[in-house]
Amino acid sequence: MQVTVLLFASYQDAAGTDNLRLDLPEGVTAAGCAETLAATFPALAARLPAGRVAVNAEFADDRTILRDGDEVAFLPPMSGG
């Protein structure tokens, strides 16, 4: 199955892109998607655990099971007021 991955701010800088498509096995979780992403872009490996993930514009957790065609966004921690 394929998902679209969106990367923001420092994640985008580390990967050198703001979006990509990943081929993932059926039943993969958001954590599994993050592991694949970290393997593809090692500069993200230490950063991804600190951020948040959203699936189809809804915040999700690492156990969220992805489906073909989902849009998975990885958002780094934000600071400010």
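Under a cut-off of 6.0 angstrom, the local environment of CD in Gln2 is crowded, with over 12 non-hydrogen atoms contributed by other residues, nucleotides or ligands. When the shell of 6.0 Å around CZ of Arg21 is examined, it contains more than 12 heavy atoms from other residues, nucleotides or ligands.
Heavy-atom minimum distance, Phe41 versus Ala15: CE2-O, 3.4 Å. Closest of all the heavy-atom pairs between Thr29 and Arg63 is CG2-O, 3.8 Å. The two residues Thr17 and Leu7 come nearest to each other via the heavy atoms O-CD1, 3.7 Å. Summarising the geometry of Ala30 relative to Phe74, their closest heavy-atom pair is O-CZ, 4.2 Å, with the distance given to 0.1 Å.
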Can you give me every donor-acceptor pair (side chain of residues 45-55, partner residue at least two apart or in another chain, under 3.5 Å) with its distance?
residue: Arg47; atom: NH1; partner: Ser10; partner atom: O; Å: 3.3

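Hydrophobic clustering places Val28 together with Leu22 (ILVMFWY residues linked when any side-chain heavy atoms are closer than 4.5 Å, directly or through intermediates). Cluster annotation: Leu20 and Phe8 are assigned to distinct hydrophobic clusters (Ile/Leu/Val/Met/Phe/Trp/Tyr, side-chain heavy-atom contacts under 4.5 Å, transitive). Side-chain heavy atoms closer than 4.5 Å link hydrophobic residues (I, L, V, M, F, W, Y) into clusters, and following such links, possibly through other members, connects Met1 to Val72.
Looking at heavy atoms from C-beta onward, Asn19 lies out of side-chain contact with Val5 at the 4.5 angstrom threshold.
To the nearest 0.5 Å, atoms OG1 (Thr4) and CG (Asp70) are separated by 9.0 Å. Interatomic distance, Glu35 CD to Thr40 OG1, rounded to the nearest 0.5 Å: 11.5 Å.
At least one donor-acceptor pair under 3.5 Å links the side chain of Asp61 to the backbone N or O of Thr64.
Listed by chain and number, the residues in a side chain to side chain contact (heavy atoms under 4.5 Å, CB included) with Asp18 are Gln12 (sequence neighbours excluded).
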